[in-house]
Amino acid sequence: MKRVVVMQDGFIYRDVLTDQPSVTVGRNPECDIQIDNKVVSGVHLCITLAPELSVEDLGSTNGTMVNGVKIDQPTPLTFGKMITIVRYQIYVLDGKKDEAGQAGEKTWKVETPRQ
């Protein structure tokens, strides 16, 4: 299981626990993770969760950044790296379920973009 957390202004906007091999993020309701804001393209990006973590911008208008660097091709990820869509930050965490079946997560470190 992976946890995809979308933050805006320091607050959690979406928090999704999934076992899908990939998720799409965008403004369209068909996206796995919808961000209802005009700065986000209809289908903005795809995060591959298995077998390896990566993110790909899908031709969005405002672009996608990983740790402060704009990407233009599929880009490998590690847990805690920050994906940015304008003013939204997206983190992929290694989620798991404990013995009681409750969702939990491992400790993770958020990487600060280099200036």
Side-chain angles (χ1 to χ4, degrees):
M1 294 290 251
K2 303 291 187 288
R3 184 177 297 275
V4 181
V5 178
V6 180
M7 299 188 71
Q8 178 188 18
D9 300 326
F11 295 96
I12 295 175
Y13 180 79
R14 296 276 188 268
D15 186 352
V16 177
L17 187 63
T18 182
D19 59 0
Q20 295 182 144
S22 65
V23 293
T24 55
V25 178
R27 192 175 67 246
N28 291 346
E30 306 85 44
C31 289
D32 299 305
I33 300 174
Q34 184 184 16
I35 300 176
D36 189 19
N37 190 308
K38 291 183 182 183
V39 301
V40 178
S41 292
V43 183
H44 198 104
L45 61 85
C46 180
I47 301 172
T48 300
L49 301 169
E52 301 292 326
L53 288 176
S54 67
V55 61
E56 180 178 7
D57 184 272
L58 299 176
S60 69
T61 302
N62 291 315
T64 301
M65 296 179 19
V66 174
N67 272 22
V69 178
K70 189 170 184 174
I71 63 169
D72 59 4
Q73 61 185 5
T75 302
L77 288 176
T78 55
F79 294 118
K81 278 195 175 181
M82 182 172 63
I83 302 165
T84 306
I85 301 174
V86 188
R87 56 188 231 214
Y88 296 91
Q89 300 80 43
I90 303 170
Y91 299 95
V92 179
L93 311 175
D94 190 8
K96 63 176 185 173
K97 290 192 176 185
D98 61 19
E99 293 79 26
Q102 299 296 316
E105 62 190 46
K106 294 181 180 178
T107 302
W108 56 284
K109 176 185 174 191
V110 173
E111 294 184 21
T112 304
R114 294 182 182 153
Q115 298 291 335

query = In Å and rounded to the nearest 0.5 Å, what is the SG to CG distance from Cys31 to Asp36?
reply = 11.5 Å
message = Strictly by ring pair (Phe, Tyr, Trp, His ring centres under 6.0 Å), give each pair with a member in residues 45-77 just once, sequence neighbours left out.
response = none
ask   = Applying the side chain to side chain contact (heavy atoms under 4.5 Å, CB included) test to Ile85, which of Asp57, Ile90, Asn37, Asn62 qualifies?
value = Ile90
task = Output the distance between atom CZ (Phe79) and atom CG (Leu93), rounded to the nearest 0.5 Å.
result = 8.0 Å
query = Would you say Val25 and Val39 are hydrophobically clustered, going by side-chain heavy atoms of ILVMFWY under 4.5 Å?
reply = yes
ask   = Rounded to the nearest 0.5 Å, how far does CE of Met1 lie from CG of Leu17?
value = 4.0 Å
Gln20: partners by side-chain contact (heavy atoms from CB on, under 4.5 Å), with sequence neighbours left out = Thr18, Val23, Asp32
query = Quick one: CE on Met7 to CZ on Arg14, what's the gap to the nearest 0.5 Å?
reply = 14.0 Å
query = Between Gln34 and Asn28, what is the shortest heavy-atom contact and its length?
reply = CG-O, 3.8 Å
request  = Among Val16, Ile83, Ile33, find the residue that satisfies the side chain to side chain contact (heavy atoms under 4.5 Å, CB included) test when tested with Val6.
outcome  = Ile33
ask   = Between atom CG of Asp72 and atom CD of Glu56, what is the distance when rounded to the nearest 0.5 Å?
value = 10.5 Å
remark   = Residues Lys81 and Tyr91: closest non-hydrogen pair is O-CD2, 3.7 Å
inquiry  = Whether the side chain of Gln73 engages the backbone of Ile71 through a donor-acceptor N/O pair (distance < 3.5 Å, no angle test) should be reported.
reply    = no
request  = Quick one: closest heavy-atom pair of Gln89 and Met82, and the distance?
outcome  = CG-SD, 3.4 Å
key: Check ion pair Arg3-Asp15 (N to O, under 4.0 angstrom)   = yes
What side-chain donor-acceptor pairs closer than 3.5 Å can you find for residues 42-55, not counting sequence neighbours?
unit_1 : atom_1 : unit_2 : atom_2 : d
His44  : ND1    : Ser41  : N      : 3.1
His44  : NE2    : Ser60  : OG     : 3.2
His44  : NE2    : Gly63  : O      : 2.9
His44  : NE2    : Thr64  : OG1    : 3.4

ask   = So which pairs with a foot in residues 10-32 pass ring pair (Phe, Tyr, Trp, His ring centres under 6.0 Å), sequence neighbours left out?
value = Tyr13-Tyr88
ask   = Does one hydrophobic cluster hold both Met65 and Val86, with members joined at side-chain heavy-atom distances below 4.5 Å?
value = no
